[in-house]
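Structure first, commentary second.
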Amino acid sequence: IRVSEQQEVYTGLKPTAGHYAYLFDTALDGEKSGTIDMTIEKTVGFTIEYIPQICGILLARLLHLGQTPTLYLAQFMALVFYVACGYIAIRLSPFPELFTVIALFPMAVRSAGSFSYDSFINAVSLIYVALLLKFIYDARTSTITVWQLMLTFCLGIILATCKIIYIPLSLLLFAVPKEKWKKKRHRWFFICTETAISIFVGIYMNTAVLTRSVSSGNTFGPWGNLAY
């Protein structure tokens, strides 16, 4: 990491006037320091839900931006990802007005432009549910294509990896009319396969994270607070 990023100026759940003053003073800073090697305890076993923020940080590094611009660019990329996924979900859903309201819920908007992984999870879940509702209620979708099944499978696995609580969403596939499946055995095979893999991956990934957190006695480090 860069030397300036070793300073935990954002640590703490309650921001003070000093924090806001620091943000204002360093908003346009460029890269002013070299890099150092630093060992940080690993408390998560996956990073897929932080891809938008990671892209923002990499772009900031390429542009040689300072600590504060890097922070805001990463949050901006998370917001762009959420808006893009929300747009796709609204276009896919047979209930666009409903999904517009859901995407603009205060808690969802609050997380959209942040380092919280809820930004990624909310965005992906919007597309996943919109796609399932499209299969169920959209009369124009007479047959589910292979590409649609592949997209549904990937989104379901991603959500299960991030949070195990989203696994039951795959059960909505049982509500898809039988006529929209090419063959009956395909329906049962796909639903059972996705559900089984989601359960296995979800339990494996989330149990590993919980075990490490409990064994270390620390679920949130200073960098976790900073990211949030």
Side-chain angles (χ1 to χ4, degrees), residues 1-13 15 19-20 22-35 38 40 42-93 99-131 151 154-163 166 205 209 220-228:
I1 65 171
R2 293 177 293 188
V3 174
S4 61
E5 292 169 347
Q6 188 183 19
Q7 304 172 7
E8 298 168 358
V9 294
Y10 304 114
T11 303
L13 298 179
H19 292 142
Y20 290 111
Y22 180 86
L23 292 176
F24 180 80
D25 294 337
T26 60
L28 301 178
D29 276 4
E31 190 174 34
K32 297 180 179 178
S33 59
T35 59
M38 183 177 180
I40 300 177
K42 187 177 181 181
T43 57
V44 295
F46 42 91
T47 56
I48 189 173
E49 67 270 36
Y50 293 105
I51 287 179
Q53 293 91 334
I54 291 173
C55 291
I57 293 174
L58 291 177
L59 179 59
R61 292 292 180 88
L62 293 174
L63 297 174
H64 300 287
L65 300 181
Q67 180 186 22
T68 300
T70 298
L71 175 68
Y72 279 117
L73 184 56
Q75 292 177 330
F76 178 73
M77 292 298 291
L79 178 61
V80 170
F81 180 80
Y82 181 82
V83 171
C85 290
Y87 174 78
I88 294 173
I90 292 170
R91 293 296 302 269
L92 285 175
S93 173
F99 270 73
T100 301
V101 173
I102 294 175
L104 294 176
F105 276 171
M107 285 299 295
V109 173
R110 178 181 180 275
S111 300
S114 71
F115 269 93
S116 171
Y117 69 170
D118 289 329
S119 173
F120 179 90
I121 295 174
N122 292 340
V124 174
S125 62
L126 281 174
I127 297 180
Y128 185 62
V129 175
L131 196 58
L151 177 59
C154 291
L155 293 176
I157 298 301
I158 290 173
L159 286 175
T161 301
C162 297
K163 277 191 176 181
Y166 287 93
M205 298 301 295
V209 173
F220 294 99
W223 281 99
N225 292 334
L226 166 60
Y228 182 77

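Numbers here are sequence positions counted from 1. Owing to the predicted nature of the structure, the values given are computational and were not obtained by experimental measurement.
Note that CD1 of I54 and CG of L59 are 13.5 Å apart. Values are rounded to the nearest 0.5 Å. Summarising the geometry, atom CG belonging to L92 is positioned 11.0 Å from atom CG belonging to L126; distances are rounded to the nearest 0.5 Å. Here the SG atom belonging to C55 is positioned 10.0 Å from the CG atom belonging to L73, to the nearest 0.5 angstrom. To the nearest 0.5 Å, atom CG of residue L71 and atom OG of residue S114 are 10.5 Å apart.
Annotation: side chain of Y72 is not in contact with side chain of L65 (no heavy-atom distance under 4.5 Å). Residues F105 and V101 form a side-chain contact, since some pair of their non-hydrogen atoms from C-beta on lies under 4.5 Å apart. Using a 4.5 Å heavy-atom threshold, the side chains of F99 and V129 count as touching. Side-chain contact between C85 and I127 is present, with at least one heavy-atom pair separated by less than 4.5 Å.
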Steps toward side chain to side chain contact (heavy atoms under 4.5 Å, CB included) verdict (I57, F115) | CA-CA 11 Å; I57 293 174; F115 269 93; 4.1 Å; yes

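S93 places no side-chain N or O within donor-acceptor distance of the main-chain N or O of A89, the cut-off being under 3.5 Å. Proximity of a side-chain donor or acceptor of E49 to a complementary backbone N or O of S119 within less than 3.5 Å is not detected.
When all heavy atoms are compared, the tightest approach of I121 to L159 is O-CD2, 3.8 Å. Across every non-hydrogen atom of A78 and P52, the tightest pair is CA-CB, 3.8 Å. Here the closest non-hydrogen pair linking I102 and Y82 is O-OH, 4.5 Å. Taking each heavy atom of S111 and N122 in turn, the nearest pair found is CB-ND2, 4.5 Å. Taking both residues in full, the closest heavy atoms of S125 and Y166 are given as CB-CE2, 4.0 Å, listed atom of the first, atom of the second, then distance. Closest heavy-atom contact between A74 and Q53: CB-O, 3.6 Å.
F120 pairs by the ring pair (Phe, Tyr, Trp, His ring centres under 6.0 Å) definition with F81, not counting sequence neighbours.
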